[in-house]
Amino acid sequence: MRVLYFAKVREIIGLPEENIDLPSNIQTVEDFLDYLISKENKYDLALSNKEAIHIACDEDHVDKDFVLKNTKEIAIFPPVTGG
Amino acid sequence: MRVLYFAKVREIIGLPEENIDLPSNIQTVEDFLDYLISKENKYDLALSNKEAIHIACDEDHVDKDFVLKNTKEIAIFPPVTGG
Amino acid sequence: MITVKIQKEKFNPQKILKNAEKGKEYGALVSFIGSVRGETNNGKVKKLFIEHYKNMAEKIIYKTALNAEKKWNLDYCYIIHRYGTLKAGESIVMVITCSKHRKEAYAANEYIIDWLKINAPFWKKEIFENQSKWVEQTL
Amino acid sequence: MITVKIQKEKFNPQKILKNAEKGKEYGALVSFIGSVRGETNNGKVKKLFIEHYKNMAEKIIYKTALNAEKKWNLDYCYIIHRYGTLKAGESIVMVITCSKHRKEAYAANEYIIDWLKINAPFWKKEIFENQSKWVEQTL
């Protein structure tokens, strides 16, 4: 799965995107975030405040209970501040 | 007193302005309108539907019970349609 | 800063916008342009004639701008309104409001137009091919 | 007619306004321009950096315009948003909405900006003399 990071999340994790193979026990966005957080300190730093993390799957905003079954691209970012 | 007419009122009365000496028994705008209406047919035609007639005295919108005591200029017109 | 103009001549919305933007650091700029529609309920409009009560119109529009400036803390307010004979597509009125935040600029802009439509002494007459008709107030 | 542009380059609000007015007979045109403020709560802004998620931003803005067009019966809708590094005073976003009557043009314009601020994937970072700071969402 292609994983994109933006803004502060990108800065803390230190890269704009990476490919991550989804472990078989991961179903939802929430599972995936927990997986990342447990993987390495930088993910913990960037993502542990889940209230402040928004998710888009294949370019649509989704909730944390969204099931990642056919997702090709997941984007992880802070609340948007455009306009 | 200088009397100004605008739009449809001006067209029916047939002139943009005139000077009219205020008879001493006239106090309010309402009195003045009634005086004009009784004066000549063209005023009756232009002003008898009082709901559709608005008044400004010395460039301020006023109600029909406004007292004309120091008024120098009275304007009589239909509801405005600018903007 | 408030500017009010009432004129017979055409105005150039691009130039007016450019001037509003000069040295701007206000964050939000809202502009409204009202134009002569080519078609109304009464048919195809050839021309629009706008009559006005000059001194009172200036006074009312300026007062409206002043109220809006105070209420919404505007940094800039520009109002221009034409009178005379206009063709379809020509601009009748333009209102620009600028402020730090967008909510204020929108609210002030709409307030000015709403207020102007109810109070400013202008009257429109639509001129069709074979007739003409004073526009009725719709609020 | 809907146009959506997301670009790094500066845009010219006067030109965009002029194009919107071409052949116009819509009655009401509302435009909004959001610019980089020179001063915020955190001090004097030197530059503003805007990051974005390209494909998703285009998709969301277009969908927002489409919703607005349908809901308020717009005749014309133009949205442009910049990304990259901007200086104080430069325009970030411009939205033009046109319709027969003013209420629709105002409502649609404000809806688009409100929706864009909540949903379009752009992130602003203010760059000051000695520090920089990601802007926090304020709704």
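Because the structure is a prediction, the values reported are computed rather than measured. Convention: sequence-line order gives letters A, B, ...; per-chain numbering from 1.
- Of all the heavy atoms in D:F49 and A:R10, the pair that sits closest is CE2-NH2, 4.3 Å.
- Dense packing is recorded around CD of A:E18, with more than 12 heavy atoms of other residues, nucleotides or ligands lying under 6.0 Å away.
- For D:F32, no part lies under 4.5 angstrom from a heavy atom of chain A.
- Along residues 123-136 of chain D, the residues that come nearer than 4.5 angstrom to chain A, judged on non-hydrogen atoms, are D:W123, D:K124, D:K125, D:W134, D:V135, D:E136 in order of number.
- At most 12 non-hydrogen atoms from other residues, nucleotides or ligands lie less than 6.0 angstrom from NZ of D:K87.
- Within 6.0 Å of the NZ atom in A:K42, the count of heavy atoms belonging to other residues, nucleotides or ligands exceeds 12.
- For chain A, the option among D:I79, D:N119, D:I112 with the highest count of heavy-atom pairs below 4.5 Å is D:N119.
- Atom NZ of D:K63 is surrounded by 12 or fewer heavy atoms from other residues, nucleotides or ligands within 6.0 Å.
- Annotation: salt bridge (charged side-chain N to carboxylate O under 4.0 Å, His left out) contacts involving residues 26-38 of chain A, sequence neighbours excluded, comprise A:E30-A:K50, A:D34-A:K50.
- Counting heavy atoms of neighbouring residues, nucleotides and ligands inside a 6.0 Å radius, atom NZ of D:K47 does not exceed 12 of them.
- Within 6.0 Å of CD in A:E51 there are 12 or fewer heavy atoms belonging to other residues, nucleotides or ligands.
- Heavy atoms of D:I92 lying under 4.5 Å from chain A belong exclusively to its side chain.
- Using a 4.5 Å cut-off between heavy atoms, D:D114 does not touch chain A at all.
- Within residues 73-83 of chain A, the residues having any heavy atom less than 4.5 Å from a heavy atom of chain D are, in residue-number order, A:E73, A:A75, A:F77, A:P78, A:P79, A:V80, A:T81, A:G82, A:G83.
- Contacts between residues 55-62 of chain D and chain A, counted as heavy-atom pairs separated by less than 4.5 Å, involve D:N55, D:M56, D:K59, D:I60.
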